[in-house]
There are 2 protein chains.
Amino acid sequence: MSPMPTEDRIWLAALALFARQGFAGTSTREIADASGLTAGSLYHYMGSKDDLLEQVMLGGMTGLLEAAAAVVAATEQPPQRLVSLVQLHVAVHARHRLEAKVVDREIEQLPPATRKRIGAMRDEYEGVWRGVVSAGIDAGDFGVADARLATLALLGMCTEVATWFRPKGPLTPEALGLEFAQMTLSLLRAGRSGVPLTVADLEVPAVGPFIAAYERRGGYGMVGAKAASRRGA
Amino acid sequence: MSPMPTEDRIWLAALALFARQGFAGTSTREIADASGLTAGSLYHYMGSKDDLLEQVMLGGMTGLLEAAAAVVAATEQPPQRLVSLVQLHVAVHARHRLEAKVVDREIEQLPPATRKRIGAMRDEYEGVWRGVVSAGIDAGDFGVADARLATLALLGMCTEVATWFRPKGPLTPEALGLEFAQMTLSLLRAGRSGVPLTVADLEVPAVGPFIAAYERRGGYGMVGAKAASRRGA
DNA sequence: GTCTATAAGCCGATAGAC
DNA sequence: GTCTATCGGCTTATAGAC
């Protein structure tokens with residue numbers, strides 16, 4: 001087995017520590033220890049502790065936005081779109097739960113400029129969901145009245161997956177996404193003329209490619225951005 | 001207007017700072033500044049920064065557990081029970097969103113002994129919900145198959161309220177709780193022989209007394225526990 | 001590419017004056 | 001009850017040897 005590159009060891013160590021203890025609760029020495037380095041050596045790979053967080057957040061949000069765009073491009077009707085968005089969000093929050101937890105909880109730790117940028121991306125992502133829910137209500141696909149409230153409820157239930165999912169649990173990320181998609185349709189009272197709509201009734205594209213779209217840019221593996229980070233600084 | 005007691009100013013300042021920046025991201029000097037004191041004076045009121053967090057978490061979880069017990073005592077059928085649990089949880093997470101956010105996110109920051117204690121309380125609370133969902137499935141009130149999954153989904157959607165609720169928004173905490181209760185029944189596919197059950201069909205006790213049960217012990221106002229904290233130390 | 005050594009500053013907490 | 005002053009330790013980050 002080939003030894004893991006130092007960059008990746010740092011990335012994974014930081015992700016695990018930030019997810020468990022929070023960004024502010026993690027010292028550079030802890031990251032160094034967990035990576036098998038000393039504190040000073042860390043700065044050969046990263047610009048600063050802040051830069052490291054910025055890259056985690058930017059990578060995660062970029063991946064999520066691009067994957068959501070892929071979902072919208074591959075589907076047309078609100079029910080299919082929403083089912084795919086939920087499957088994607090849940091599977092990503094299960095497969096990459098450490099990264100997702102950091103992205104979801106550490107926005108306030110970013111320096112103001114970056115915080116605004118990430119906040120805007122978060123708003124855009126939420127807007128995609130709300131747009132689909134709204135369109136579904138207008139088209140008579142969903143029986144709920146308040147699109148904003150339903151969207152917030154759905155995002156909440158899907159996002160919290162990152163806090164409780166365990167890889168050794170009974171369900172794979174993809175199977176979990178399917179279960180949550182069904183609960184989503186129930187919550188929205190999806191259906192027409194009193195006949196409930198279930199996931200089984202729908203032709204839904206496979207989630208795999210959407211998860212792949214997330215991992216293409218959103219996953220780890222681009223830690224070698226120290227140069228880019230220094231250029232930006 | 002009577003000036004706010006120093007204890008309460010410290011409590012509210014710490015709550016606001018812990019909620020926004022996290023426990024680890026907040027210094028005792030910041031708490032002191034926001035309370036109109038110097039760092040040293042803080043220790044006339046608290047044993048340590050850890051003690052302060054412990055009191056927030058213990059107070060919040062105790063309040064939630066006692067209020068949930070009041071719900072269980074005041075209702076009998078699973079649908080009513082769950083509707084009341086959701087109304088309570090949502091209204092408390094809206095009315096006391098700073099405290100709720102801290103309780104929900106800062107468990108890992110506690111020293112191990114306290115962490116275990118709070119973790120056990122959290123498990124107990126989740127167990128109450130799961131028990132009601134399970135009982136409802138067994139009784140034929142709910143159409144979902146997996147009680148564990150449904151419970152996690154519901155707790156997730158209700159807990160996230162603390163992150164997005166704004167007091168100046170369109171809904172009061174109580175009205176929001178009612179909307180979430182309805183979405184809960186939909187998600188669970190509540191009803192019998194194909195006829196959906198709505199909140200309007202149920203006789204549900206008023207939430208007010210349950211919220212009051214939370215606030216009796218769970219709210220702020222018992223900061224004067226420095227003595228108690230010192231006794232314990 | 002990794003180390004040691006260290007700078008400069010903030011941290012939680014205490015002592016003691018008033 | 002609040003202050004000032006301060007301790008020892010830990011923080012992020014850099015410099016320079018190897």
Side-chain angles (χ1 to χ4, degrees), chain A residues 2-14 17-18 20-56 106 108-112 114 223-227 229-233, chain B residues 2-14 17-18 20-56 102 106 108-112 114 223-233:
Chain A
S2 65
M4 195 178 295
T6 310
E7 293 181 328
D8 294 0
R9 289 199 328 263
I10 294 172
W11 184 262
L12 292 177
L17 287 164
F18 291 170
R20 187 174 314 121
Q21 312 174 346
F23 174 77
T26 301
S27 71
T28 52
R29 274 168 171 84
E30 285 177 295
I31 300 173
D33 285 351
S35 314
L37 295 170
T38 56
S41 306
L42 231 48
Y43 290 84
H44 183 74
Y45 295 93
M46 69 181 196
S48 72
K49 197 190 159 197
D50 277 351
D51 285 348
L52 194 52
L53 177 63
E54 181 179 327
Q55 281 182 27
V56 173
E106 306 292 338
E108 294 289 334
Q109 306 293 333
L110 290 166
T114 321
V223 205
K226 182 208 171 189
S229 157
R230 287 249 166 114
R231 253 179 271 126
Chain B
S2 66
M4 195 179 294
T6 309
E7 292 182 329
D8 293 1
R9 289 198 331 262
I10 295 171
W11 184 263
L12 291 176
L17 288 164
F18 290 171
R20 188 175 312 121
Q21 312 174 346
F23 174 77
T26 300
S27 70
T28 52
R29 279 168 174 85
E30 285 178 295
I31 300 173
D33 285 351
S35 315
L37 294 171
T38 56
S41 306
L42 231 47
Y43 291 84
H44 182 73
Y45 295 93
M46 69 181 197
S48 70
K49 198 189 158 198
D50 276 351
D51 285 347
L52 195 51
L53 178 63
E54 181 179 327
Q55 282 183 26
V56 173
V102 174
E106 306 292 337
E108 293 290 334
Q109 305 295 332
L110 290 166
T114 322
V223 206
K226 183 206 170 190
S229 156
R230 286 248 166 113
R231 251 178 272 128

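This one's a predicted model, so the numbers in the text were calculated from it and none came from an experiment. Proteins get letters first, then strands, A, B, ... in listed order; numbering begins at 1 in each.
Atom-to-atom distance recorded for A/Asp50:CG and A/Glu54:CD is 8.0 Å, nearest 0.5 angstrom. If you take NZ on B/Lys49 and CD1 on B/Ile31, they are separated by 6.5 Å, rounding to the nearest 0.5 Å. Here the CH2 atom belonging to B/Trp11 is positioned 14.0 Å from the CE atom belonging to B/Met4, to the nearest 0.5 angstrom.
For A/Thr6, counting side-chain heavy atoms from C-beta on, the closest listed nucleotide (D/dT14, C/dT2, C/dA13) is C/dT2. The side chain of B/Tyr45 approaches D/dG1 more closely than any other nucleotide in the set C/dA13, C/dT4, D/dG1.
Here the P atom of nucleotide C/dG12 and the CG atom of B/Leu17 are 12 Å apart, to the nearest Å. Rounded to an integer number of Å, the gap from A/Asp50 CG to D/dT11 P is 16 Å. As rounded to whole Å, 15 Å separates atom C1' of D/dT2 from atom CE of B/Met46. What separates CG of A/Leu37 from P of C/dG1 is a distance of 12 Å, to the nearest Å.
Among residues two or more places apart in sequence or in another chain, the side chain to side chain contact (heavy atoms under 4.5 Å, CB included) test is passed with B/Pro5 by B/Asp8. Judged as a side chain to side chain donor-acceptor pair (under 3.5 Å), and not counting sequence neighbours, the contacts of B/Thr26 are B/Gln21.
The two residues B/Ser35 and B/Ile10 make their nearest non-hydrogen contact at OG-CA, 3.5 Å. Contact between B/Ala24 and B/Gln109 at its shortest, heavy atoms only, is CB-OE1, 3.8 Å.
Distances shorter than 4.0 Å separate some side-chain N or O of A/Thr38 from OP1 or OP2 on C/dC3. Using a 4.0 Å cut-off, some side-chain N or O of A/Tyr43 falls inside it from OP1 or OP2 of D/dA13. OP1 or OP2 of C/dC3 sits under 4.0 Å from a side-chain N or O of A/Ser41. An OP1 or OP2 oxygen of D/dG1 is reached within less than 4.0 angstrom by a side-chain nitrogen or oxygen of B/His44.
Residue contacts for B/Leu42: at a heavy-atom cut-off of 4.0 Å it reaches no nucleic acid atom on any strand shown.
Near-neighbour residues of DNA chain D inside residues 24-36 of chain A, defined by a heavy atom below 4.0 Å, number-ordered: A/Thr26, A/Ser27, A/Thr28, A/Arg29.
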